[in-house]
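These notes are about the structure you will find just below.
All values below come from the heavy atoms of this structure, side chains included, with hydrogens, waters and symmetry mates left out. Computed from a predicted structure; not experimentally measured.
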Protein chains: 2
Amino acid sequence: MYTFKGKQYPCCASLTMGMIGGKWKTVILFHLMEGELRYNELRKQMPTVTERTLSLQLKTLEQDGIIKRTVYTSKPPLKVEYSLTEFGETLIPVIQSITNWGIFAVEKYSE
Amino acid sequence: MYTFKGKQYPCCASLTMGMIGGKWKTVILFHLMEGELRYNELRKQMPTVTERTLSLQLKTLEQDGIIKRTVYTSKPPLKVEYSLTEFGETLIPVIQSITNWGIFAVEKYSE
DNA sequence: CGGGATCCGCCTAGATACTG
DNA sequence: CAGTATCTAGGCGGATCCCG
């Protein structure tokens, strides 16, 4: 049994999946891997996600200390950038492993 | 946009997560990584999963060609072994990356 | 022993409209 | 521009009982 930030996980794999699991988190992290992005830039990279869901996932990732949110303006139009924290950067090899396998799978076993 | 086995994914990361995402699949694969296991052996490794869920996840993984199910007896008590397929073995580096990060996270940031 | 059948709660995520 | 509010649906996963 593993404990992390007050939550219990039956397996070390569960812990990681608890942080980056779900339909969209790895996609967000994949796009943030190469540098910070604004909210709308992220949206353009992920045309099929709804605003509500994107917003929720970003907030969760921020609460988990994986990404950070920086506001550059005080009045509208707002400028907000999202980027990986130092802790979030330790996930890069994991995300890369996940994306690499996805590419491998389509290339090797496409229809 | 990526297509794999009739399903569409907006990102190569989505594809992988579609196969190994969810609460239990990575845990199952983690335990099968080192060799085949019987149904009840898996259950003992995963005390908090319900039978129904374990059963469903195993079936999904089998349908996706990641694990294979082998029946050794024709009459009860049945002996059924689960193991990775060749395709499933290509996921080992991904699973290992995921579990390694989980271990790293608890060691580094556990209070 | 290795599941299937049934019922159900909850949470994730979608659609749409609105706001500082 | 960068979100929030509200409502809703679908599916994942839990609980329990049953079967070959």
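Hydrophobic clustering (side-chain heavy atoms under 4.5 Å, transitive across Ile, Leu, Val, Met, Phe, Trp, Tyr) keeps A:Leu56 apart from A:Trp24.
B:Trp101 and A:Phe4 have perpendicular rings, their planes meeting at more than 60° on a 0 to 90° scale where under 30° would count as parallel.
Using a 4.0 Å cut-off, some side-chain N or O of B:Lys23 falls inside it from OP1 or OP2 of D:dG14. Contact annotation: B:Lys75 side-chain N/O to C:dC1 OP1/OP2 distance is not under 4.0 Å. For C:dG3, the OP1/OP2 oxygens have no side-chain nitrogen or oxygen of B:Ser55 closer than 4.0 Å.
Listed nucleotides C:dG14, D:dA2, C:dG3 differ in distance to A:Thr53; the shortest reach to its side chain belongs to C:dG14. For A:Arg69, counting side-chain heavy atoms from C-beta on, the closest listed nucleotide (C:dG3, D:dG3, C:dC1) is D:dG3. Taking the side chain of A:Leu78 as heavy atoms from C-beta on, and the options D:dG14, D:dT4, C:dG20, the nearest nucleotide is C:dG20.
In this structure, CH2 of B:Trp24 is placed 16 Å from C1' of C:dC11, rounded to the nearest angstrom. Atoms CZ (A:Arg52) and P (C:dT19) sit 18 Å apart, rounded to a whole Å. The CG atom of A:Leu54 sits 16 Å away from the P atom of D:dA5 (whole-angstrom rounding). The distance between atom CG of A:Leu58 and atom P of D:dG3, rounded to the nearest whole Å, is 7 Å. Nucleotide D:dT16 holds its P atom 17 Å from the CG atom of B:Leu56, rounded to whole Å. The nearest whole Å value for the distance from the CE atom in B:Met17 to the P atom in D:dG11 is 19 Å. Spacing between atom CE of B:Met46 and atom P of C:dG2 amounts to 15 Å, rounded to whole angstrom units. Rounded to whole angstrom, the span from the CZ atom of A:Arg43 across to the C1' atom of C:dA15 amounts to 12 Å.
Checked for salt-bridge contact, B:Lys68 and B:Glu62 miss the test: no charged N lies under 4.0 Å from a carboxylate O.
A donor and an acceptor atom, one from each side chain of A:Glu81 and A:Thr70, are nowhere located under 3.5 Å apart.
Between B:Gln57 and B:Glu51, the residue anchored closer to the 5' end of DNA chain D is B:Gln57, taking for each the nucleotide with the nearest heavy atom. Mapping B:Tyr39 and A:Val49 onto DNA chain C by nearest heavy atom places B:Tyr39 closer to the 5' end of the strand.
Remark: the backbone N or O of A:Leu61 is not paired with any side-chain donor or acceptor of A:Lys25 at under 3.5 angstrom.
Across all strands shown, B:Tyr82 has heavy atoms under 4.0 Å from sugar-phosphate atoms exclusively, and none from any base. Note on A:Lys59: only backbone sugar-phosphate atoms sit closer than 4.0 angstrom, heavy atoms only; bases stay farther off.
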